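See structure below.
Predicted model, so just to flag it, every value in this text is computed and none were measured.
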Amino acid sequence: MEGDPFSDFLRLADAQPTISGGFTAGGSWAIRFPRPEYLKFFALVKGQCWLCIEGEETPVRVEEGDVFLLSIQRPFVLAGDLEAVPLDATRLFAGKLNKTATLGEGEDCIQIGGHVRLDPANGELLAGMLPPLIHVQAASKQATVMKWLLDQLVRERVDGQPGATLVSGQLAQLLFVQILRVYLETCETLPCGWLRAASDKRLGPAMALMHDDPGRSWQLGELARAAAMSRTSFAVHFKSVAGVAPLAYLTQWRMLLAQRALRTEGTTLSQLADHLGYGSESAFSNAFKRVTGVSPARYRGQSRTALGETPKPTVPEPALAH
């Protein structure tokens with residue numbers, strides 16, 4: 001499917017959701033989780049409990065079928081009983097097969113959870129746009145798809161069929177995207193930036209053009225016509241949504257693609273200049289340094305040093321694959 005800037009940014013952020021474990025609990029119980037290193041998501045398959053985030057005064061009630069995504073990096077507690085002394089999650093899950101634990105008496109509550117690893121360089125593109133907590137309630141109209149995904153995840157974990165790890169990973173990816181879709185659909189005050197721009201229906205056609213062919217010398221009038229708006233209305237609306245002017249956004253998108261290529265490919269600067277619509281290597285280098293603060297050659301060198309490896313030479317891809 002072409003013209004999908006949202007998918008483009010998810011690929012650039014290299015979002016990799018993984019189901020990391022779960023627990024079954026009953027009676028009086030509580031678990032304290034350390035500060036997450038990555039985006040953290042979990043779902044309550046059965047029962048009810050409380051979510052208590054360090055620094056927040058009010059606990060959040062979690063009902064059966066609810067799904068959460070935590071982007072805030074603070075310790076948190078899941079509890080069936082707010083008066084219970086929390087067990088340390090690190091010790092509870094240590095040495096457990098599939099990071100699955102049982103505590104308390106009975107099976108009042110069943111939870112599965114995981115995390116989302118993001119690219120160290122571009123992950124903040126996504127993490128920085130998210131609220132501290134996204135809560136998708138099972139009773140909401142958006143939860144139907146999630147219920148099906150949760151049912152499938154549970155089935156994969158219980159049945160132990162061949163390929164269960166791969167299937168669970170794909171289901172986790174779908175669950176993560178669905179959580180983000182719900183956030184975009186229900187949030188009334190999305191902050192200015194790429195996430196809001198990528199989900200703006202009026203800007204959709206113009207965004208798709210820039211993402212599908214970033215090397216073309218797009219003119220403001222062409223982009224405005226694609227959005228069925230006047231030049232002035234388009235420019236004003238785009239900046240109010242994206243936080244930058246349309247052609248400035250195009251430049252930023254080109255530089256994000258260039259940074260990824262410099263980190264992961266052996267593409268020459270001349271090839272990158274041609275691929276991204278610059279008439280010469282020097283024009284590309286000047287634009288890159290103006291946006292990032294360093295030259296392309298220096299950026300590539302710093303990236304290789306940080307990775308401790310030399311990227312394999314590859315042919316540059318035509319924008320982000322769809």
Side-chain angles (χ1 to χ4, degrees), residues 1-16 117-129 193-195 197-198 203-223 226 235 238-239 242-322:
M1 178 179 178
E2 296 186 354
D4 188 1
F6 181 71
S7 293
D8 288 347
F9 275 106
L10 287 183
R11 292 190 187 96
L12 201 68
D14 194 21
Q16 298 180 18
R117 292 177 181 266
L118 300 174
D119 178 78
N122 288 327
E124 186 58 28
L125 286 170
L126 177 59
M129 290 282 103
W194 74 265
L195 190 59
L203 297 182
M207 292 280 290
L209 290 178
M210 289 187 282
H211 278 248
D212 285 345
D213 192 0
R216 178 170 169 174
S217 181
W218 292 105
Q219 302 300 309
L220 185 63
E222 293 178 288
L223 299 173
F238 194 102
K239 189 169 185 178
V244 294
L247 298 184
Y249 173 89
L250 175 61
T251 298
Q252 291 179 357
W253 177 239
R254 287 171 171 174
M255 294 305 109
L256 287 170
L257 293 175
Q259 287 173 296
R260 183 181 66 172
L262 290 168
R263 288 195 310 272
T264 64
E265 303 171 3
T267 311
T268 67
L269 297 189
S270 177
Q271 288 173 319
L272 267 179
D274 181 66
H275 175 55
L276 296 175
Y278 293 91
S280 66
E281 183 179 320
S282 62
F284 164 69
S285 296
N286 289 335
F288 188 93
K289 187 171 184 178
R290 184 173 64 253
V291 172
T292 67
V294 296
S295 69
R298 185 175 181 182
Y299 180 87
R300 171 171 273 166
Q302 291 173 340
S303 299
R304 289 182 175 181
T305 300
L307 291 172
E309 59 185 24
T310 302
K312 297 178 181 179
T314 58
V315 177
E317 57 185 272
L320 286 171
H322 293 280

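D119 has its side chain out of reach of L125: every pair of non-hydrogen atoms, C-beta onward, lies at least 4.5 Å apart. Contact check for L272 versus F288: no side-chain heavy atoms found under the 4.5 Å cut-off. Looking at heavy atoms from C-beta onward, D14 lies out of side-chain contact with N122 at the 4.5 angstrom threshold. Residues K289 and Y299 form no side-chain contact, since every pair of their non-hydrogen atoms from C-beta on lies 4.5 Å or further apart. In this structure, W194 and D8 have side chains that are not in contact, with every pair of non-hydrogen atoms separated by 4.5 Å or more. Within the 4.5 Å cutoff, side-chain heavy atoms of Y249 are placed close to those of M210.
Under the side-chain contact (heavy atoms from CB on, under 4.5 Å) criterion, S217 pairs with Q219, not counting sequence neighbours. A search for salt bridge (Lys or Arg N to Asp or Glu O under 4.0 Å) contacts involving R216 returns E222, not counting sequence neighbours. Not counting sequence neighbours, F6 has no partner by the ring-ring contact (aromatic ring centres under 6.0 Å, His included) test.
The only option from V291, L256, V244 that meets the side chain to side chain contact (heavy atoms under 4.5 Å, CB included) definition with T251 turns out to be V291.
To the nearest 0.5 Å, atom CZ of residue R260 and atom OG1 of residue T267 are 10.0 Å apart. Going from atom CG of L269 over to atom NE2 of H275 covers 13.5 Å, rounded to the nearest 0.5 Å.
A donor-acceptor pair under 3.5 Å links the side-chain atoms of R254 to the main chain of L276, judged by distance alone. Using a distance-only test at 3.5 Å, with no hydrogens or angles considered, a donor-acceptor pair links the side chain of W218 to the main chain of D213. For R300 (side chain) and E265 (main-chain N/O), a donor-acceptor pair under 3.5 Å exists by modelled atom type.
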message: Before you tell me yes or no, could you show the steps for S270 and T268 under side chain to side chain donor-acceptor pair (under 3.5 Å), namely the whole-Å CA-CA distance, both residues' side-chain angles and the distance that decides it to 0.1 Å?
response: CA-CA 5 Å; S270 177; T268 67; 4.9 Å; no
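The six-membered or imidazole ring of F9 lies near that of H211, with a centre-to-centre distance under 6.0 Å.
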